[in-house]
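Below you'll find the structure, written out as structure tokens, and then a few comments.
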Amino acid sequence: MAAESTVPQLSAQHRPTLDQALSAIRSRAYWSPHPEHPKAYGETAPADGLAAFEALRGTRLDLGQPGTDGWVGGEVSPYGPELGVEYPHADPDVLLPAMRAGMGAWRDAGPETRALVCIEILSRISARTHEFAHAVMHTSGQAFMMAFQAGGPHAQDRGLEAVAYAYEEQTRVPGRADWSKPQGKRDPLEIGKSFTAVPRGIALVIGCNTFPTWNGYPGLFASLATGNAVLVKPHPRAVLPLALTVRVAREVLAEAGFDPNLVALAVERPGEGIAKTLAVRPEIKLIDYTGSTEFGDWLEANARQAQVYTEKAGVNTVVLDSTDDYKGMLSNLAFSLSLYSGQMCTTPQNLLIPRDGIATDAGHKTYDEVVADLADSVGGLLGDDARANALLGALVNPDVRTRLEAAASLGEVALASRKIVNPEFPDAVVRTPVMVKLDAAKPDPDAAYLSECFGPVSFAVAVDSTADALDLLRRTVREKGAMTVGAYTTSADTERAIEEVCLEESAQLSLNLTGGVYVNQTAAFSDFHGSGGNPAANAALCDGAFVANRFRVVEVRRQA
């Protein structure tokens, strides 16, 4: 049981935050308790965070976990430096039973206490956002400001959002009810009933390289808030941010009077592939995964004992029909294509443009003019190397570089990629995006635009008409999936047609974005990330379906 003095303290501190989060997911209005600006964390926070990160390098991160049978390290920053941090390697035959041991008390604590403990974990992570930002930057290759925001407050928002949904779903049913059925002249039938949200078992979070916290926190906190123990298995190149998360979670759980082994870390030796081994163990009842379609499909087919939540690959598409803000459209698309070198699961890839061109406020623009103007817009955005480094970050792994270099052979290059030197990190691989012109009229079942090409690669695809663009959009979403769809049109009829495709194929749509909101960015508490309704992902971050099957309700009836 939790220490009696701890729960009231957590309630006084965090119940208002929980209530605000519950209000936000119902209203879908903007809200965040986690500041986006680095200066909001105090005058010394930037220096303190950097110092804390540097102090981690070359150390052994001992979490005090049972079953540690060795130590694993080897992370190298996409910016060049070796991190040199060692992590515990776990024997699952020892660790998993230890994780189960604390689940009874965690279950009995109830939804509110679990939510408050989770919010305390997030609060402590938030206080160390600068430290976490450097950890995310040097494992994902994100530029610092993006690592700070996406890896810090935005990730924390997504974790809190999951906690709010978990609390709401668990409390739909009352904890107790007195049941009385009239029997006419006879005494009524009376039963006392209790209803308890019980966890499924141990949850496995399989982390990704590009957004270890942003993609990792929803599943972690959804499972923990619903009473499950959580085993975090990070990507081998991005261990540090999630290892720090596990350490904070274990500290908070212990201080609150719960078993710290409710959250644990599983790091793999080179080539060990423990994700497959863990995923099919009978103790694992929930799996959250972000990554390749191939492994996501394998999990869905083989981890039959578990409820599996996957975010895989998709072909994100933008339909260009017409616009009343040509300059704004180009600027918005250029930023979306460039941010983090296109290494986001939401970055547009296919730009579908009628070969006869589009109507704009700057006059009619031919296909070639639209492509050339967009290429110029990207070039202008990234023309200054300092600004380019701040937007692009670094390529996260050699596979992205290989795809980027191979893309130039797929068609006519409208925008060539160029190498940029990062003066602070000269070993970083920084490349501007490449844009390739392709033609949908040429029959090719293996056309590049029919598959995801993850990284800073986009295809300007000529189509016969907007109607053909919608047919191609429908095909790619249905067959390959999409995390995002964008469209530009001044026609009400076309807008309705695009919306109908996205409704039928369950794809999240952004229309006529020309300002500071981009198709590849979503806001927690308001936007849904993915839909769970097309092949790109079988779950949405975050909705009731994302949390409701992580627990079951067990009823106990007693004669009154």
Side-chain angles (χ1 to χ4, degrees), residues 49-61 63 71-89 125 128-156 158-159 205-217 219-220 232-249 265-270 274-275 288-292 311 339-345 389-390 392-401 422 424-425 427-430 454-455:
L50 177 59
F53 167 73
E54 291 294 345
L56 289 167
R57 295 179 60 187
T59 65
R60 176 171 285 182
L61 200 70
L63 300 173
W71 299 88
V72 185
E75 286 165 292
V76 177
S77 168
Y79 289 94
E82 293 185 10
L83 300 191
V85 183
E86 288 189 326
Y87 308 96
H89 183 274
I125 292 171
R128 296 167 58 181
T129 292
H130 278 272
E131 176 187 357
F132 273 74
H134 288 285
V136 170
M137 173 183 174
H138 284 288
T139 52
S140 70
Q142 296 176 30
F144 176 78
M145 185 53 71
M146 185 175 187
F148 182 91
Q149 293 185 339
H154 297 172
Q156 295 151 22
R158 283 296 183 191
V205 174
I206 304 175
C208 68
N209 195 174
T210 49
F211 288 89
T213 55
W214 198 98
N215 278 109
Y217 283 5
L220 192 166
V232 179
K233 188 270 160 196
H235 190 283
R237 294 193 185 99
V239 179
L240 185 57
L242 290 178
L244 293 175
T245 301
V246 169
R247 184 163 72 174
V248 172
L265 186 73
V267 182
E268 61 187 306
R269 298 186 177 104
I274 61 171
D288 287 274
Y289 167 75
T290 300
S292 71
E311 181 190 312
L339 185 63
Y340 185 34
S341 299
Q343 298 170 125
M344 303 172 69
C345 62
N389 275 307
L392 296 170
L395 299 189
V396 68
N397 60 52
D399 291 340
V400 176
R401 180 177 178 177
N422 186 317
E424 186 177 0
F425 300 103
D427 292 331
V429 178
V430 184
F454 184 76

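Note that this is a predicted model, so its numbers are computed, not measured.
We find the NE2-CZ distance between His235 and Phe211 to be 14.0 Å, quoted to the nearest 0.5 Å. If you take OG on Ser292 and CZ on Phe454, they are separated by 11.5 Å, rounding to the nearest 0.5 Å. For the atom pair Thr210 OG1 and Asn397 CG, the distance stands at 9.0 Å (nearest 0.5 Å). Distance check: Asp288 CG to Leu220 CG gives 8.5 Å after rounding to the nearest 0.5 Å. The CG atom of Asn209 lies 12.0 Å from the OG1 atom of Thr290; values are rounded to the nearest 0.5 Å. Distance check, rounded to the nearest 0.5 Å: CG of Leu392 to CD of Gln343 gives 9.0 Å.
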Next item on the list: Take Phe132 and Leu240 through the side chain to side chain contact (heavy atoms under 4.5 Å, CB included) test and state the conclusion after the steps.
Entry: CA-CA 9 Å; Phe132 273 74; Leu240 185 57; over 6 Å; no
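Residue pairs meeting the side-chain hydrogen bond (donor to acceptor under 3.5 Å, both in side chains) criterion with at least one member in residues 73-83, sequence neighbours excluded: Glu75-Tyr87, Ser77-His138.
A heavy-atom distance below 4.5 Å is not found between the side chains of Trp71 and Leu61. Put simply, the side chain of Pro81 reaches to within 4.5 Å of the side chain of Arg57, judged on heavy atoms. A heavy-atom distance below 4.5 Å is found between the side chains of Pro241 and Thr139. Taking the side chain as every heavy atom from C-beta outward, Val267 and His89 never approach each other to under 4.5 Å. Side-chain contact between Trp214 and Val136 is absent, with no heavy-atom pair separated by less than 4.5 Å. Side-chain atoms of Arg158 and His154, non-hydrogen and from C-beta on, never get closer than 4.5 Å to each other. At least one side-chain heavy atom of Leu56 sits less than 4.5 Å from a side-chain heavy atom of Leu244. Between Phe425 and Asn389, every side-chain heavy-atom pair lies at or beyond the 4.5 Å cut-off.
In plain terms, the two heavy atoms of Glu311 and Cys345 that are nearest each other are OE2-SG, 2.8 Å. Minimum heavy-atom separation, Pro78 to Gly141: CG-N, 3.5 Å. Of all non-hydrogen atoms in Gly152 and Thr129, the two that sit nearest each other are CA-CG2, 4.1 Å. Heavy atoms only, all atoms of each residue included: Ala150 and Gln142 are closest at CB-OE1, 4.1 Å. Heavy atoms only, all atoms of each residue included: Val430 and Ala394 are closest at CG2-CA, 4.4 Å. For the residue pair Gly219 and Val205, the shortest heavy atom distance occurs at C-CG2, 4.2 Å.
In this structure, the ring-ring contact (aromatic ring centres under 6.0 Å, His included) partners of His134, at least two apart in sequence or on a different chain, are Phe53, Phe144.
Between the side chain of Thr213 and the main chain of Gly151, a donor-acceptor pair closer than 3.5 Å is present.
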